[in-house]
S.K.: 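Can you read through this structure? Questions will come right after.
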Amino acid sequence: MSTQPATVSLPPQSLTAANLRAWSWHRQGLDGSLAGCTAGEVLARAGWARSVGGANPYLSLFARAGLRRGQVDADVDAQRILELPTARGCTYVLGSDDFAWALRLGRPAAEAAVSVLTRLGVDRGEITLLEEQVRHVLAEAGTPLDPRQLKEELGDAVQSLGEEGKKKGAATTLPAALGILQAEGRIRRVPADGRLDRQRYAYEAWDLPTSELTDEEVRALLMRRYLGWTGGATAKQSQWFTGFTVAQTRAALAAAGAVDVPLPGDAGKDSAVLWMLPDDVDRLAAFTAPAEEQIQLLAGTDSLVLLRRNAAELLDEADHRKAGLSSLALQADLPDHPILDRGRIIGLWQYDPETGKIAAWVFGDLTPAVSRRIAEVEAWIREDLGDFRAFSLDSPASRRKRIDALRASTTATAER
């Protein structure tokens, strides 16, 4: 296979900032095109949902397909979708068709944790033995066990690594063994209370069939998926998500048959080249941004934002100069959750459980469509979640300053 990519030119109107935002919005299924889909179908077509003990997976599925928490939790319980360690060793919620090959992507991070123990003087054979003992304990228990229970059952088989280990993030040998077992599909994490927005887990034995794909095939498959989820991305954006080296990225792009589309900008810069799947080039050429509003409230870790970490590109250039937003234009990650219209960030929000309301700052006019969607998401949070946590350590107290800042804005719309 030739490693020389094809360069494809598109008409300027296809490559305007507004059209590219709306195109990504469409590829993400935020335009209603995924309504009626199952959770697995949404995750396959829009991208895996980042899970860090927050509510993003729930809102991702609610925004795209109207799925309620009860259905999502039932899908987790039935193993139609699961939270697994994959790209860069990070946890995402993904569908069952992807379990085996996606886990392969998490192995380097799991092995890196073992390498830390090796440097601390722990023999690799000791970790292998501990893996088998963990499996035995879980099989004997017949019920999921949390890390504390596992440590009690394993006793001296778990080695404490003292202060030196703590400095390197490895207090004992147990987490590394659990990481390897998860990456190999021999155990899985079970969320406490069956909820994805909790950072408490137990573990149970699992026997997931191993993927027969090679490492190169797995990387090519992820690249095809990633480019399809995003509708196109720069090489650096793809490297951030995949964790691939430069050489691996080039090989995966070639294996995926990706083509490069020059963007308006400085020639020769990575940011001036968009890598796309060939079919998507034709679709983008024929795509026109919708004329009517399409409003969504999303999490700051939603796939639309996180897959490329391009929040600044989702802000209209005129909004970069608004008071309080100039610093946001330089950030890869937003301090609040975004309100969007056809891919453009038009406001920010946080949920205040004390009042049961969303504190929202809409940069421009508060249209009926925006008010309606805020009310819908507000009601959904109250009824399905009780609170909207961005990540495991998020709490009403920790986000109080942000809530107050949104309400203090001269264009705040929290008190509707």
Side-chain angles (χ1 to χ4, degrees), residues 1 3 5 24 27-28 42-52 56-57 60 81-95 97-113 115 179-180 182-185 210-261 263 269-281 300-311 313 332-333:
M1 177 184 295
T3 58
S24 297
R27 294 300 295 161
Q28 280 285 300
V42 171
L43 296 169
R45 291 169 58 182
W48 305 332
R50 184 74 169 99
S51 55
V52 284
N56 172 61
S60 292
I81 64 172
L82 286 177
E83 179 188 47
L84 298 175
T86 175
R88 310 185 319 282
C90 296
T91 53
Y92 290 84
V93 177
L94 53 152
D97 289 346
D98 296 344
F99 290 170
W101 71 268
L103 277 178
R104 288 280 295 277
L105 295 162
R107 287 188 186 180
E111 289 292 349
S115 296
I180 291 292
Q182 287 184 90
E184 294 178 349
T210 302
S211 171
E212 297 181 359
L213 297 178
T214 65
D215 289 343
E216 292 76 13
E217 289 170 333
V218 167
R219 287 194 289 268
L221 178 52
L222 179 62
M223 186 63 74
R224 281 194 293 273
R225 288 292 195 88
Y226 174 77
L227 294 180
W229 295 337
T230 59
T234 68
K236 286 184 178 179
Q237 287 171 341
S238 73
Q239 281 182 268
W240 176 84
F241 174 75
T242 63
F244 298 165
T245 65
V246 172
Q248 290 170 343
T249 298
R250 289 173 178 166
L253 286 168
V259 299
D260 63 80
V261 177
L263 293 173
K269 287 191 175 182
D270 170 75
S271 58
V273 175
L274 194 67
W275 289 92
M276 298 182 67
L277 298 176
D279 289 347
D280 278 344
V281 173
T301 49
D302 185 88
S303 295
L304 179 73
V305 181
L306 189 71
L307 287 175
R308 294 186 294 179
R309 297 188 76 197
N310 64 335
E313 295 174 16
D333 303 310

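Computed from a prediction, not measured in an experiment: that's the story for all the values here. Each residue takes its place number in the sequence, starting with 1.
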S.K.: Does A100 have any side-chain contact (heavy atoms from CB on, under 4.5 Å) partners at least two apart in sequence or in another chain, and if so, which?
M.R.: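 side-chain contact (heavy atoms from CB on, under 4.5 Å) check on A100 returns L208, S211.
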S.K.: What pairs with S303 under side-chain contact (heavy atoms from CB on, under 4.5 Å), at least two apart in sequence or on another chain?
M.R.: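 Only Q28, R64, L307 meet the side-chain contact (heavy atoms from CB on, under 4.5 Å) criterion with S303.
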S.K.: Going by the rule side-chain contact (heavy atoms from CB on, under 4.5 Å), which residues pair with A113 if we only count those two or more places apart in sequence or in a different chain?
M.R.: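 A113 satisfies side-chain contact (heavy atoms from CB on, under 4.5 Å) with A176 once adjacent residues are dropped.
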S.K.: Side chain of R308, backbone of G232: donor and acceptor closer than 3.5 Å?
M.R.: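 The answer is yes, because a donor-acceptor pair under 3.5 Å joins these two groups.
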S.K.: For W229 and A44, indicate whether the former's side chain and the latter's backbone hold a donor-acceptor pair under 3.5 Å.
M.R.: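 Side chain of W229 to backbone of A44: a pair is present.
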S.K.: Under the rule for salt bridge (Lys or Arg N to Asp or Glu O under 4.0 Å), what residues qualify as partners of R27, not counting sequence neighbours?
M.R.: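 R27: salt bridge (Lys or Arg N to Asp or Glu O under 4.0 Å) contacts with D280.
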S.K.: Check ring-ring contact (aromatic ring centres under 6.0 Å, His included) between Y92 and all other residues, then give those that pass, not counting sequence neighbours.
M.R.: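 Counting only residues at least two positions away or on another chain, Y92 forms a ring-ring contact (aromatic ring centres under 6.0 Å, His included) with F241.
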S.K.: Could you pull out all residues at least two apart from Q248 that satisfy side-chain contact (heavy atoms from CB on, under 4.5 Å)?
M.R.: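 For Q248 the side-chain contact (heavy atoms from CB on, under 4.5 Å) partners, ignoring immediate neighbours, are R219, F244, T245.
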S.K.: Could you name each residue pair satisfying side chain to side chain donor-acceptor pair (under 3.5 Å) that touches residues 97-113, not counting sequence neighbours?
M.R.: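 Every pair satisfying side chain to side chain donor-acceptor pair (under 3.5 Å) with a residue in residues 97-113: W48-D98, D98-W101, D98-R225, R104-D215.
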S.K.: For E83, enumerate each residue passing the side-chain hydrogen bond (donor to acceptor under 3.5 Å, both in side chains) test, keeping only those at least two apart in sequence or located in another chain.
M.R.: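 Listed in chain order: S51, R189, Y201.
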S.K.: Does the Lys NZ or Arg CZ of R88 fall within the cation-pi geometry relative to W240 - under 6.0 Å from the ring centre and within 45° of the axis?
M.R.: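 Yes, R88 sits over the ring of W240.
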S.K.: Quick one: SG on C90 to CG on L105, what's the gap to the nearest 0.5 Å?
M.R.: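 Answer rounded to 0.5 Å: 11.5 Å.
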